[in-house]
Amino acid sequence: MPVPGEDAFRADVRGWLAANLAGEFAPLVGSGGPGREHEFADERMAWERRLGAAGWIGLGWPESDGGRGLPWRHQVIFHEEYARAGAPARVGHIGEQLLGPTLLMFGTAEQRARFLPGVLAGTQLWCQGYSEPGAGSDLAAVSTRARLDADQWHLDGQKVWTSLAQFADWCFVLARTDPAAERHHGLSYLLVPMRQPGISVRPIVQLTGTSEFNEVFFDDARAAAADIVGAPGDGWRVAMGTLAVERGESTFGQQLGFQREFEAVLAAARANGAIDDPDLSARLVEAWVGLQVMRYTAMATLGQPAAAVPGAAGLAGTAGLAGTAGMAGVGANVNKLLWAPWHQRLGELAVDVAGPAATVGGPGYELDNAQRLFLYTRADTIYGGSNEIQRNIIAERGLGLPREPR
Ligand SMILES: Cc1cc2nc3c(=O)[nH]c(=O)nc-3n(C[C@H](O)[C@H](O)[C@H](O)COP(=O)(O)OP(=O)(O)OC[C@H]3O[C@@H](n4cnc5c(N)ncnc54)[C@H](O)[C@@H]3O)c2cc1C
């Protein structure tokens, strides 16, 4: 298919969103996202299917795998228009942004043919099963075991902080398949169906009072022998490929919501007079400057060609992978270090602008947006690799400084 011109594409996206965020989907405007994933869950799953049916999922994926093969600038345009329209937070982003690119890089033709259509259609939701109670930053310590018996893997163990597991049909699980091998050796990357007797999902209540993430228990859970990405014992390489995408993509998608959140804080400061406070107005200016710095840094790093990323040749234009190719391979880590503390400071600013009203809460009170932003952003410097870990990666891989003792 010929690539449409950018202006025509923008008009197309804008027109489609205006026509479809109407009727049954009109109440979804502004819904979902951090601290609010419980909102309109069923309706947002239906919205995911509507997006898929119209071809808005997998814009950058190769056409041979069902995507639209569009350049990254078109993906930026889609995200901009999506944010501008206030379209709901996606429930399918883990499948589209993490699992899909991983299968494009490491999956077999059969796996791509079997799993990608469900992600593209918005009918198959995924979650990410990496972290465990004893393995977060130190992911190589994963202890969930998987044993191959005839035509099935048998899994036992526990994952934690598994976002959106309550909605997911499938989970990509990092599991230890060779108990004799140490650390990152002996791990495998398995595709595990969530709806089976061997899996139980227990929600974890967060500071916001809502539950986006969960504990996931595997008690002789099963996966088909063929549902392994890469070879047995090769899971670390595959898992790192997914993480390279995660850091880039998450920055890319979130940028656009940040502007909207900033504008809400600015509007609140104008409305209640907080803008006349010199300290608060200086912090508003700093927040705006930070927004510009992040935007231009992300545009510069995410637009790099992906050719330098091993295995990513077919994915030129996929924003996250491209990000890892910039800045000596640590561009996406730099982006995370820019946006996570910035977003936390915006949350602090939001409650300071609200003043004493921000302290009203507790049982019987709904959190308002400023309170939710303040509370949820505590997580920003943890998930997707904590800030300390990002600095270690930049130090060791970007600057060539001595490695930390392991
Ligand atoms: C909102 C949210 C959603 C998440 N979603 C998912 C998900 O869907 N799937 C999933 O698998 N995981 C998910 N996670 C888990 C996330 O990846 C981990 O929380 C993260 O990797 C940190 O691991 P940990 O919590 O075990 O902390 P730890 O690794 O125990 O770290 C504790 C503290 O020690 C610091 N630290 C650890 N090692 C070092 C070091 N070598 N040098 C310096 N400092 C160090 C850390 O920076 C941190 O401050 C999510 C987390 C959050 C908050």
Side-chain angles (χ1 to χ4, degrees), residues 32-38 89-99 102 125-144 155 157-168 170-175 183-184 187 189-190 192 194 199 201-218 235-236 238-240 242-247 249-250 253-254 333 336-337 339-341 343-344 347 372-397 401-406:
R36 303 167 59 176
E37 294 291 7
H38 58 290
R90 298 277 305 278
V91 287
H93 64 284
I94 297 176
E96 184 191 17
Q97 294 176 9
L98 301 183
L99 187 270
T102 304
L125 304 182
W126 285 80
C127 62
Q128 178 182 24
Y130 280 16
S131 303
E132 297 182 0
S137 303
D138 187 14
L139 192 58
V142 155
S143 67
T144 293
L155 289 92
Q158 185 200 338
K159 297 292 173 182
V160 71
W161 321 125
T162 319
S163 301
L164 304 183
Q166 68 273 39
F167 303 145
W170 287 81
C171 184
F172 47 95
V173 174
L174 193 58
R183 304 280 302 162
H184 58 278
L187 297 175
Y189 195 101
L190 303 176
V192 182
M194 287 294 284
I199 292 188
V201 176
R202 195 183 296 168
I204 300 173
V205 179
Q206 297 165 219
L207 271 177
T208 47
T210 56
S211 296
E212 273 102 53
F213 55 26
N214 307 267
E215 294 178 291
V216 177
F217 297 89
F218 301 89
W236 185 256
V238 180
M240 290 303 106
T242 309
L243 283 184
V245 184
E246 176 173 36
R247 298 204 176 98
E249 275 296 329
S250 58
Q254 284 171 344
N333 308 87
K336 172 105 209 266
L337 272 185
W339 73 254
H343 204 210
Q344 268 178 5
R372 200 179 290 114
L373 183 66
F374 171 68
L375 292 173
Y376 192 87
T377 50
R378 309 322 296 170
D380 286 344
T381 50
I382 302 172
Y383 67 80
S386 71
N387 272 24
E388 290 78 10
I389 297 301
Q390 304 293 343
R391 286 195 194 91
N392 285 350
I393 293 171
I394 292 169
E396 294 174 11
R397 293 190 211 153
L401 299 182
R403 280 170 68 82
E404 276 214 328
R406 295 289 199 282

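In each ligand, atom 1 is the first atom listed, and ligand 1 is the first ligand listed. Throughout, numbering of the chain's residues begins at 1 and tracks the sequence.
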(request) Please determine, by modelled atom types, if Thr144 and Glu132 share a side-chain donor-acceptor pair under 3.5 angstrom. (result) yes
(message) To check your reading of the model: name the closest protein heavy atom to atom 3 (C) of ligand 1, its residue, and the distance in Å.
(response) Ser163 OG, 3.3 Å
(message) Quick check on atom 33 (C) of ligand 1 - does any protein heavy atom sit closer than 4.0 Å to it?
(response) no
(message) Suppose we measure from atom 49 (O) of ligand 1 to each protein heavy atom; which comes out shortest, and what is that distance?
(response) Glu388 OE1, 3.6 Å
(message) I'd like to know if the side chain of Gln390 and the backbone of Gly385 have a donor-acceptor N/O pair within less than 3.5 Å.
(response) yes
(request) State the atoms of ligand 1, each with its element, that fall below the 4.0 Å cut-off from a heavy-atom position in Ser386. (result) 46 (C), 47 (O)
(request) Report the part of Leu139 (side chain from C-beta onward, or backbone N, CA, C, O) that has a heavy atom under 4.0 Å from ligand 1; answer both or neither where that applies. (result) neither
(message) For the CH2 atom of Trp161 and the CD atom of Glu212, what is their distance to the nearest 0.5 Å?
(response) 13.0 Å
(message) Would you say Thr242 and Tyr189 are linked by a side-chain donor-acceptor pair, where the criterion is simply a distance under 3.5 Å?
(response) yes
(message) Could you identify the single nearest non-hydrogen protein atom to atom 51 (C) of ligand 1 and state the distance to 0.1 Å?
(response) Tyr383 CB, 3.5 Å
(message) Once you restrict to heavy atoms under 4.0 Å, what part of Phe213 touches ligand 1? Side chain, backbone, both or neither.
(response) side chain
(message) For atom 9 (N) of ligand 1, what is the closest protein heavy atom, and at what distance to 0.1 Å?
(response) Gln128 O, 2.8 Å
(message) So, taking the atom named OG1 in Thr208 and the one named CZ in Arg372, what distance separates them when rounded to the nearest 0.5 Å?
(response) 8.0 Å
(message) I need the atoms of ligand 1 closer than 4.0 Å to a non-hydrogen atom of Tyr376, numbered in the order shown.
(response) 1 (C)
(request) Go through the side-chain N and O atoms of Thr381 and Gln344 and say whether any donor and acceptor fall under 3.5 Å apart. (result) yes
(message) Quick test: of every protein heavy atom, which one is nearest to atom 18 (C) of ligand 1, and how far off is it to 0.1 Å?
(response) Ser131 OG, 3.9 Å
(message) One residue to check: Ile389. Relative to ligand 1, which of side chain, backbone, both or neither has a non-hydrogen atom less than 4.0 Å away?
(response) side chain
(request) Just need the protein heavy atom nearest to atom 24 (P) of ligand 1, so name the residue and atom and give the distance. (result) Gly136 CA, 3.9 Å
(message) Is the shortest side-chain heavy-atom distance between Met194 and Cys127 below 4.5 Å?
(response) yes
(request) Just jot down the ligand 1 atoms closer than 4.0 angstrom to any heavy atom of Tyr130, in number order. (result) 11 (O)
(request) Please write down residue, atom name and distance for the protein heavy atom closest to atom 13 (C) of ligand 1. (result) Trp161 O, 3.1 Å
(message) Please list the nearest protein heavy atom to atom 37 (C) of ligand 1 with its residue and the distance rounded to 0.1 Å.
(response) Ser137 OG, 3.6 Å
(request) Record the part of Glu404 in heavy-atom contact with ligand 1 below 4.0 Å; permitted values are side chain, backbone, both and neither. (result) side chain
